[in-house]
Amino acid sequence: MKVGVLISGRGSNLASLIDACAHPDFPAEIVTVISNNPGAKGLEIAEAAGIPARVINHRDFAVRDTFDACLSEALEDAGAEFICSAGFMRILTDGFVEKWRNRQVNIHPSLLPAFKGLHVHARALEAGVRITGATVHFVRPEMDEGPIVAQAAVPVMLNDTEETLAARVLEAEHKLYPLALRLIAEGRVRIVDEKVIISPAPTDVPPSLIVPGM
Ligand code: GAR
């Protein structure tokens with residue numbers, strides 16, 4: 001599956017996806033990385049991995065529609081069939097989201113539907129939750145909403161700061177995103193009534209059900 005990755009900054013989730021895609025048996029390939037921010041560190045990560053990377057600066061566009069149209073065209077020109085948003089901090093128009101419906105996922109650093117939006121870790125600490133985590137979900141017009149593909153739970157420690165908690169969640173994100181992308185690229189993810197159903201891998205079939213010679 002040919003994937004376009006959207007970023008706005010550091011690009012550590014991009015790096016985890018690049019590492020995963022480097023394995024010969026991984027069923028996805030990153031064909032383009034696009035950042036709305038010219039200063040995004042993730043652009044260097046893409047370039048170092050030999051992946052075509054480009055900037056589409058939202059500041060060059062008067063309205064969201066034309067930015068999103070340009071983004072969509074760039075993804076299509078690169079041959080992307082699927083989008084992974086990885087720290088892409090722009091709200092997309094309904095038109096873009098509908099065009100890529102069920103072909104775009106996002107990673108968010110909380111156990112959605114809790115703590116949508118910004119300053120997630122500070123808000124989790126403020127709320128006193130004992131467990132937080134990360135979510136990979138299909139993108140829908142409402143921010144940080146959409147069918148959940150996979151989640152990772154992360155404990156909150158008594159002496160956590162926003163920074164220590166963010167670092168622990170990020171470590172989980174780096175495992176979760178490649179796992180979710182693998183499930184999707186293997187064709188094991190279906191959306192039924194806006195919920196994700198994951199089919200078992202062929203190897204999950206109990207050995208007694210595999211009839212030799214069939
Ligand atoms: C990640 O923690 C990601 O979950 C978050 O931005 C960070 C990007 O880091 N995304 C969101 O908050 C989206 N709502 P990265 O650039 O190092 O991957």
Side-chain angles (χ1 to χ4, degrees), residues 3-22 28 30 32-49 51 53-58 64 68 71 82-94 96-97 100 104-127 129 131-156 160-181 184:
V3 176
V5 181
L6 303 183
I7 61 166
S8 297
R10 181 177 52 187
S12 71
N13 278 291
L14 165 68
S16 77
L17 293 175
I18 291 175
D19 287 350
C21 290
I30 300 172
T32 185
V33 172
I34 303 176
S35 171
N36 66 304
N37 166 18
K41 284 268 166 237
L43 290 166
E44 293 163 28
I45 296 173
E47 276 155 22
I51 297 168
R54 62 179 286 191
V55 175
I56 301 178
N57 189 341
H58 63 276
R64 284 186 190 274
D68 282 9
L71 189 60
F82 197 87
I83 304 172
C84 287
S85 289
F88 182 66
M89 305 310 260
R90 294 294 301 167
I91 292 176
L92 294 160
T93 54
D94 290 4
F96 183 98
V97 172
W100 291 89
Q104 183 182 10
V105 288
N106 176 48
I107 189 158
H108 183 75
S110 75
L111 289 175
L112 290 174
F115 306 118
K116 295 173 182 173
L118 298 173
H119 312 299
V120 166
H121 305 300
R123 285 159 53 217
L125 290 172
E126 177 63 27
V129 295
I131 295 171
T132 184
T135 303
V136 175
H137 64 96
F138 283 96
V139 173
R140 292 292 182 260
E142 304 75 30
M143 188 185 56
D144 297 326
E145 273 196 39
I148 291 169
V149 183
Q151 290 186 305
V154 172
V156 180
D160 262 336
T161 62
E162 202 178 329
E163 290 72 31
T164 58
L165 184 56
R168 193 175 310 114
V169 172
L170 194 64
E171 224 181 294
E173 291 184 50
H174 295 161
K175 297 193 183 91
L176 187 70
Y177 216 170
L179 168 85
L181 182 59
I184 293 163

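Every number for a ligand or one of its atoms is a count from 1 in the order of the listing. Note that the structure is a prediction, hence the values are computed from the model and not measured.
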| query | Nearest 0.5 Å, what's the CZ-CD1 distance between Phe88 and Ile83? | reply | 9.0 Å
| request: Do me a favour and list the nearest non-hydrogen protein atom to atom 15 (P) of ligand 1 with residue, atom name and distance? | output: Ser12 N, 3.4 Å
| note | The reported gap from OG1 in Thr161 to CG in Leu125 (rounded to nearest 0.5 angstrom) is 7.5 Å
| said: Under 4.0 Å from a heavy atom of Asp144: which atoms of ligand 1 are those, numbered in the order shown and with their elements? | reply: 14 (N)
| Tell me, do Ile30 and Leu17 make a side-chain contact under 4.5 Å, heavy atoms counted? | yes
| query | Closest non-hydrogen protein atom to atom 6 (O) of ligand 1, residue and atom name please, with distance? | reply | Gly87 CA, 3.8 Å
| said: I'd like to know if the side chain of Gln104 pairs up with that of Ser85 as donor and acceptor (distance under 3.5 Å, no hydrogens or angles considered). | reply: yes
| query | For residues Ser12 and His174, is any side-chain donor paired with an opposing acceptor at under 3.5 Å? | reply | yes
| What residues form a side chain to side chain donor-acceptor pair (under 3.5 Å) with Ser8, not counting sequence neighbours? | Asn36
| Picking from Val136, Leu181, Ile148, what satisfies side chain to side chain contact (heavy atoms under 4.5 Å, CB included) with Val105? | Val136
| Ile7 near ligand 1 by a heavy-atom separation under 4.0 Å | no
| query | Should we count CD of Glu145 as having more than 12 external heavy atoms under 6.0 Å? | reply | yes
| query | At a 4.0 Å cut-off, with the gap strictly under it, does some heavy atom of Gly11 reach an atom of ligand 1? | reply | yes
| request: Determine whether the side chain, the backbone, both or neither of Val120 has a heavy atom under 4.0 Å from any heavy atom of ligand 1. | output: neither
| remark: A student comparing Lys116, His174, Arg10 should find that the heavy atom closest to atom 9 (O) of ligand 1 comes from Arg10
| message | Considering Ile107, Val5, Leu118 one by one, which has a heavy atom nearer to atom 13 (C) of ligand 1 than any of the others? | response | Ile107
| Protein heavy atom at shortest distance from atom 14 (N) of ligand 1 | His108 ND1, 3.0 Å
| task | Between Glu173 and ligand 1, find which residue part has any heavy-atom pair under 4.0 Å and reply side chain, backbone, both or neither. | result | side chain
| request: Name the closest protein heavy atom to atom 11 (C) of ligand 1, giving the residue it belongs to and the distance to 0.1 Å. | output: Pro109 CD, 3.7 Å
